[in-house]
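Remarks on the structure that follows.
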Number of protein chains: 2
Amino acid sequence: MKDVFPDPATFRVNGRLWIEGPADRFLGIGRLELLQHIQLLGSISKAAQAMNMSYKRAWELVSSMNTQARVPLVSTQTGGQRGGGAHLTDAGAQAVADFEALQLRFQAFVEAETARLHG
Amino acid sequence: MKDVFPDPATFRVNGRLWIEGPADRFLGIGRLELLQHIQLLGSISKAAQAMNMSYKRAWELVSSMNTQARVPLVSTQTGGQRGGGAHLTDAGAQAVADFEALQLRFQAFVEAETARLHG
DNA sequence: ATGCGTTATTCCCGGTCAAACATAACGACA
DNA sequence: TGTCGTTATGTTTGACCGGGAATAACGCAT
C-alpha cells in the first residue's frame, strides 16, 4: 500500500468515534469538548463563546445529550447571582472521563494504523 | 458509564475511519465502496448508478483519488467497444484490499469498545 | 457516416444545516 | 422596581454542497 502514496509522512489514518443511540448521536468529540468547557466555565453561553460556537447550537447539543441519557449530564439554572449557569452532574463528569479514555484508546489505534501504513 | 444510558442494547460505539493527505481526504468507506463497484462493473457510470450516486460525484471522487495517489488507482478509457470504461489498476486493487483489512480491524475495535461500554 | 455508451466538464438550481437575529423568562441584587 | 447575564426557543438568512441538465470528445460497430 505504501507505494500508492506520494509522501508517506503526510498521509495518515484518521477518523471519528462516537456513541450513538437508536435515533441520534449521543456523544462525540465535539460534544465532549463542549462538556469540558461547561465543566470549566460553569455556563453554556461562556462555553459556546470559548468554542466559537453559537449559543443555540451549544444548547441544542446539551439538550440532545440530556434527553437521551437516563440521567441528565448537565444541570442548568436560570436567573440568580450570575444570571444562571450550568454544571456537569456526576453522570456528566463520569461520561466525560469515560469518553476521554475511549478517545485515548482510539488515538492509539489510529496511530498504530498510521505506523502500519508506512511499514 | 453504563448508568448513563437508557437502553444498553441500543447504545453503541460507532465511527468512521479514513486515510487523509495534506489537503483532502484520500480514502474512506464511501470511496472504498465506489472502487469495489468499479472493480465489479468496469465503469464509473454503472458504479455510480448501482450506488445511487450521481456520475458527477463518482467521477469527482475518482479524480480526487487519482490525483492524490502517486500512481492512479483507476484507469479510464473513452470510446471503444462499450463506449469506454474504467478498471482498477494494481495499485487500486492493492488499496482496496488494504483498506478492507483496515476497516475490518476498525470494526473489531468498535465492537470491542461497544462491549466494554456495556460491561 | 451515423449511432451508441462512456468519460470528462461546466453551469444552474434546490435542499439542508448552521449562523444570526429576536424575544421571553428567570432570579439575585442594588 | 429596574438591571444584568443567563437559559430557553422560535424565526429568518445565508452559505455550501450535491443533483441534474447540458455539452463535448472519444472510438468501436454497423
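Per chain, numbering begins at 1; letters A, B, ... match sequence-line order.
Nucleotide dA19(C) holds its P atom 11 Å from the CE atom of Met51(A), rounded to whole Å. Spacing between atom CG of Leu61(B) and atom C1' of dT7(C) amounts to 15 Å, rounded to whole angstrom units. Regarding Arg82(B), its CZ atom lies at a distance of 14 Å from the C1' atom of dG27(D), rounded to whole Å. In this entry the distance linking CD of Glu60(A) with C1' of dC17(C) reads 10 Å, nearest Å. The nearest whole Å value for the distance from the CG atom in Leu41(B) to the P atom in dT7(C) is 11 Å. For Lys56(B) and dG20(D), the NZ to C1' distance is 9 Å, given to the nearest whole Å. Spacing between atom CD of Gln49(B) and atom C1' of dT7(C) amounts to 15 Å, rounded to whole angstrom units. Per the geometry, CE belonging to Met65(B) stands 13 Å off P belonging to dA8(C), to the nearest Å.
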Problem - Criterion side chain to side chain contact (heavy atoms under 4.5 Å, CB included) on Leu17(B) and Val110(A), from CA distance to verdict - result: CA-CA 9 Å; Leu17(B) 204 70; Val110(A) 162; 4.3 Å; yes
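Here the side chain of Trp59(A) is nearest to one of dA19(C), dA8(D), dG20(D), namely dA8(D). The side chain of Arg57(A) has dA18(C) as its nearest neighbour among dG20(D), dA18(C), dG18(D). In this structure, the nucleotide among dA8(D), dA19(C), dC26(D) sitting nearest to the side chain of Thr78(B) is dC26(D). Side chain of Tyr55(B), nearest nucleotide from dT11(D), dA8(C), dG20(D): dA8(C).
As judged by a 4.0 angstrom heavy-atom cut-off over every strand, Lys46(B) is placed among residues touching the sugar-phosphate backbone only. Among the atoms of the strands shown, base atoms are found under 4.0 Å from some heavy atom of Gly80(B). Nucleic acid contact class of Gln77(B) (heavy atoms, under 4.0 Å, all strands): sugar-phosphate only.
In this model, the phosphate group of dT6(C) is not approached by any side-chain N or O of Thr76(B) to a distance below 4.0 Å at OP1 or OP2. Close to dG5(C), at under 4.0 Å from its OP1 or OP2, lies no side-chain N or O of Ser45(B). Remark: Gln81(B) is in phosphate contact with dA29(D), judged by side-chain N or O atoms under 4.0 Å from OP1 or OP2.
Within a 6.0 Å sphere centred on CZ of Arg105(B), heavy atoms belonging to other residues, nucleotides or ligands number more than 12.
When each of Ser63(A) and Gly83(A) is assigned the nucleotide of DNA chain D bearing its nearest heavy atom, the one mapping closer to the 5' terminus is Gly83(A). Residue order along DNA chain C, read from the 5' end via each residue's closest nucleotide, puts Gly79(B) first among Met53(A) and Gly79(B).
Partner of Gln36(A) under the side chain to side chain contact (heavy atoms under 4.5 Å, CB included) criterion, chosen from Leu41(A), Leu88(A), Val96(A): Val96(A).
Below 30°, between 30° and 60°, or above 60°: for Phe109(B) and Phe106(A) the angle between ring planes is between 30° and 60°, a tilted geometry.
In summary, the side chains of Ser43(B) and Arg82(B) do not present any donor paired with an acceptor at a separation below 3.5 Å, with no hydrogens or angles considered.
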